[in-house]
Amino acid sequence: MLQDIFTQEQRTLLQQFTQTLNQQQKIWLAGYFTGLSAANDNTELDTESVRATAPSKELTILYGSRTGNGEGLAKKVQKIATDKGFQVNLKDMTNYKTRDLANEKNLLVIVSTHGDGEPPFSAKDVYEFIHSKRAPKLEKLNFAVLGLGDSSYFHFCKAGIDFDNQLEKLGAKRVQNRATLDVDFVETAEKWVNEALAAFDGGTDQNPVGNPKFSFVGSVSKSETPAVSKNNPFKAPVLDKVGLHGRGSDRQTIHIELSTENNPGLNYQPGDAAGILPVNTVELINEVLAVTGLDAGTFVTVAGKDKKLEDALYKNLELSKVTVDVVKRYLETYPNDALSTLTTDAEKFKSYLDGRDVVDLLTDYPAEISAENLVRILRPLQPRYYSISSSPKACPGEVHLTVGVVQYHHAGRDKKGTCSNYLSDVLIDNETVPVFIESNPGFRLPVNDQTPIIMVGAGTGIAPYRAFVQHRDLSDNPGKSWLFFGNRNFETEFLYQTEWQSFLKSGALTKMDVAFSRDGDKKVYVQDKLWENGAEIFQWLEEGAHFYICGDMKNMARAVQDNLLKIVETYGLLSKEQAQEYVDNLEKSRRLQLDVY
């Protein structure tokens with residue numbers, strides 16, 4: 001009992017003192033007093049020895065992120081781990097010294113997966129190092145891996161899986177089974193992180209901190225307005241909507257302007273994206289009901305709420321595309337030999353999924369499906385993301401979007417893009433669009449307005465550059481800027497043509513080269529225009545220019561990167577290996593930035 005050991009004055013001082021300590025300080029003092037008790041009364045206390053007796057709770061959180069979700073999650077984990085008494089080192093893989101890996105004791109890896117199962121560029125060096133002959137043995141390392149990804153892709157969380165497997169091969173001890181988290185990862189992340197930290201701490205959570213929430217926005221009190229987010233979008237009034245194509249075009253791109261009413265939750269920077277929560281078309285819903293024979297009025301449970309099936313199909317469930325995870329759940333519920341065989345051939349399976357929707361799947365591989373199982377098998381309807389095509393300085397209180405309206409015929413039926421057609425159909429008067437901001441820290445203007453910039457985009461990939469140039473137009477002394485833009489036809493698809501002409505006249509835009517692939521006998525693309533100007537592009541790079549690529553990942557972006565490498569090799573008089581190192585250094589220093597889809 002305290003009163004039997006300490007005087008009243010000592011008890012008061014002790015209580016006052018301990019109330020000022022954080023958990024890490026308490027842990028250190030525990031070790032200190034342990035050493036003090038063991039020390040000889042006539043021997044001076046060795047504080048370094050005492051420090052060594054304190055519990056060791058060092059933890060390195062190493063993250064590889066492209067869009068910022070991984071970084072945001074890593075910072076949340078850092079706070080929770082610190083509250084639990086860990087001495088945390090938060091490291092971005094971009095700047096991590098691979099030689100330090102051999103000295104780590106406890107390592108928590110957070111890494112996302114992009115493209116065709118690839119790690120983000122920031123993780124490239126660490127990823128290659130652990131898979132190389134130079135990788136050290138890691139028998140003294142405890143580790144856990146958290147992978148972020150999208151289960152609709154073939155190589156879901158492959159980067160995280162690769163890190164997890166390779167660390168084990170190098171002799172490290174896995175203290176917690178890896179987590180592979182989907183787009184809606186918050187709830188799963190909370191549980192896994194607490195279990196992983198407990199495992200690093202010897203298997204028990206000595207200092208629980210309640211139920212931490214991985215919200216990527218600040219917490220609010222009951223009296224405050226909830227922050228704008230994916231789960232709480234702002235219903236933005238539609239200010240304007242115009243078509244950007246000229247007469248005679250067989251395609252449609254629209255420019256839509258939304259009012260943010262100075263809502264601070266919708267603050268953004270050039271390069272950021274707007275997340276839009278769409279709804280499915282009535283036509284597609286009716287087709288789903290027809291092919292399943294289900295009653296639209298049947299009640300189902302979605303996200304813990306009971307609602308009519310037709311309402312769930314309208315607002316909650318993904319109908320316009322079929323993904324890997326949907327097929328997996330479909331087969332688990334309704335086994336089908338033909339569909340199962342198809343999934344074993346990756347190329348044929350990819351080809352089948354491309355352009356098909358839920359109606360196609362249910363038609364091609366029919367089953368007597370129940371409403372409850374349909375809801376369970378389908379993915380939640382996901383937001384669609386559009387690069388914002390306005391600068392907050394030039395258009396305060398507004399968000400502008402450049403939207404290519406998707407319509408096509410495939411597998412015997414006419415198809416429509418869910419969100420692009422939703423936005424195409426919205427009315428200007430008295431209609432709102434659910435919107436939130438998705439930060440894109442990997443696609444930013446240089447801090448110094450005088451730094452030269454080279455912008456390459458095709459089609460709606462022009463969107464963020466409109467924001468960039470609007471921003472630069474309001475600068476006192478903007479640096480050089482060069483825009484490469486490509487589309488099909490000059491007459492009908494030169495998006496924002498008059499605006500670019502105005503920017504060229506004002507000096508906000510220094511140069512512009514265009515490529516319209518269908519106007520001549522030979523198709524010409526933006527990558528061809530880059531090569532034609534290779535010598536000058538290299539000179540701009542040597543002057544410190546930042547290089548941006550926005551658009552289709554598989555075709556345009558890859559071709560642009562290939563020609564950029566070729567330009568550096570040719571005009572820099574470098575070997576292929578040296579040119580690749582040059583381009584890699586551009587990306588490491590964030591002078592080469594991509595916004596691809």
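The figures here come from the full heavy-atom set of this structure, side chains too, leaving out hydrogens, waters and symmetry mates.
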Between E195 and Q176, is any side-chain donor less than 3.5 angstrom from a side-chain acceptor?
-> yes
Does NZ or CZ of K173 fall inside the cone over F143's six-membered ring, less than 6.0 Å from its centre and within 45° of the axis?
-> no
If you look at every heavy atom in G70 and I110, which pair is closest and at what distance?
-> O-CG2, 4.0 Å
Should D584 and K124 be marked as a side chain to side chain contact (heavy atoms under 4.5 Å, CB included) after you check the CA-CA gap, both sets of side-chain angles, and the distance that decides it?
-> CA-CA 10 Å; D584 286 349; K124 180 182 177 182; 3.2 Å; yes
Would a line drawn from the ring center of Y548 to the ring center of F484 be shorter than 6.0 Å?
-> no
Side-chain (Q166) to main-chain (I130) donor-acceptor, under 3.5 angstrom | yes
Residues D164 and K169 bridged, charged N to O under 4.0 Å | no
Check: L565 and Q561 side chains under 4.5 Å, non-hydrogen atoms = no
Is any side-chain heavy atom of L146 closer than 4.5 Å to a side-chain heavy atom of L73?
-> yes
Are any side-chain N or O atoms of D595 and backbone N or O atoms of F443, one a donor and one an acceptor, separated by less than 3.5 Å?
-> no
Does the side chain to side chain contact (heavy atoms under 4.5 Å, CB included) test come out yes or no for L59 and Q87, once each step is laid out?
-> CA-CA 6 Å; L59 177 67; Q87 300 175 40; over 6 Å; no
Taking every non-hydrogen atom, the tightest pair across I388 and A274 = CG1-N, 3.7 Å
To the nearest 0.5 Å, what is the distance between CG (D449) and OG (S481)?
-> 11.0 Å
Euclidean distance, C550 SG relative to F468 CZ, rounded to 0.5 Å = 8.5 Å
Kindly determine whether R384 and E318 satisfy salt bridge (charged side-chain N to carboxylate O under 4.0 Å, His left out), including the steps that lead there.
-> CA-CA 12 Å; R384 271 49 169 180; E318 193 74 68; 2.6 Å; yes
So, do L62 and L108 sit near enough that their side-chain heavy atoms are less than 4.5 Å apart?
-> no
Residues E168 and R174 bridged, charged N to O under 4.0 Å = yes
Here the salt bridge (Lys or Arg N to Asp or Glu O under 4.0 Å) pairs for residues 94-103, sequence neighbours left out, are none
Among L107, N103, T60, whose side-chain contact (heavy atoms from CB on, under 4.5 Å) with L141 holds?
-> L107
Should D201 and K57 count as an ion pair when the cut-off is N to O under 4.0 Å?
-> yes
For S122 and D92, does a side-chain donor sit closer than 3.5 Å to a side-chain acceptor?
-> no
Is D83 paired with K79 through a side-chain N to carboxylate O contact shorter than 4.0 Å?
-> yes
Distance only, no hydrogens: is a donor on one side chain within 3.5 Å (strictly under) of an acceptor on the other, for E190 and N194?
-> no
Taking all non-hydrogen atoms of both residues into account, name the closest pair between R329 and R376 and its distance.
-> NE-O, 3.5 Å
Close side-chain approach of D562 and R558, heavy atoms under 4.5 Å | yes
Side chains of N106 and N142: donor-acceptor distance under 3.5 Å anywhere?
-> yes
Should T460 and Y386 be marked as a side chain to side chain contact (heavy atoms under 4.5 Å, CB included) after you check the CA-CA gap, both sets of side-chain angles, and the distance that decides it?
-> CA-CA 9 Å; T460 56; Y386 296 93; over 6 Å; no
Taken to the nearest 0.5 Å, the spacing of T343 OG1 from K328 NZ works out to 11.0 Å
Lys/Arg N to Asp/Glu carboxylate O, R591 vs E543, below 4.0 Å = no
Any chance the rings of Y96 and F129 have centres within less than 6.0 Å?
-> no
Flag the pair I437 / N267 as yes when at least one side-chain heavy-atom distance between them is below 4.5 Å, and no otherwise.
-> no
Verify the distance criterion only: is there a donor paired with an acceptor across the side chains of R134 and T98 at less than 3.5 Å?
-> no
Passes salt bridge (charged side-chain N to carboxylate O under 4.0 Å, His left out), R444 versus D272? Steps please.
-> CA-CA 8 Å; R444 287 278 186 264; D272 285 343; 2.8 Å; yes
Flag the pair Y63 / M93 as yes when at least one side-chain heavy-atom distance between them is below 4.5 Å, and no otherwise.
-> no
Nearest heavy atoms of T451 and G544, plus distance in Å | CG2-O, 3.5 Å
Residue pair F156 / T113, side-chain heavy-atom distance below 4.5 Å | no
To the nearest 0.5 Å, tell me how far L317 CG sits from I377 CD1.
-> 11.0 Å
Does E581 use its side chain to pair, donor to acceptor, with the backbone of Q578 at less than 3.5 Å?
-> no
Donor-acceptor pair, Y352 side chain versus E347 backbone, under 3.5 Å?
-> no
Contact summary for R178 and N165, nearest pair of heavy atoms | NH1-OD1, 3.5 Å
Taking the six-membered ring where the residue is Trp, are the ring centres of Y385 and Y597 under 6.0 Å apart?
-> no
Side chains of Q382 and K230: does their closest heavy-atom pair fall under 4.5 Å?
-> yes
Report yes or no: does D182 contribute a side-chain atom to a donor-acceptor pair with the main-chain N or O of S151 at less than 3.5 Å?
-> yes
Separation between CG of L170 and CG of L138, rounded to the nearest 0.5 Å = 5.0 Å
Quick one: do K588 and D125 satisfy salt bridge (charged side-chain N to carboxylate O under 4.0 Å, His left out)? Show the steps, please.
-> CA-CA 10 Å; K588 285 180 182 178; D125 285 351; 2.6 Å; yes
Side-chain donor/acceptor of T570 to backbone N/O of I567, under 3.5 Å = no
Which atom names give the shortest non-hydrogen contact between I453 and M455, and what distance separates them?
-> CD1-SD, 3.9 Å
Pairwise distance NZ(K158) to OG1(T180) - rounded to 0.5 angstrom = 14.0 Å
Report the C-alpha separation of Y153 and D150 in whole Å, then their side-chain angles, then the decisive distance to 0.1 Å, and conclude whether the side chain to side chain contact (heavy atoms under 4.5 Å, CB included) test is met.
-> CA-CA 6 Å; Y153 287 87; D150 185 337; 3.5 Å; yes
Using modelled atom types only, decide if a donor and an acceptor are shared between the side chain of W482 and the backbone of P452 within a distance under 3.5 Å.
-> no
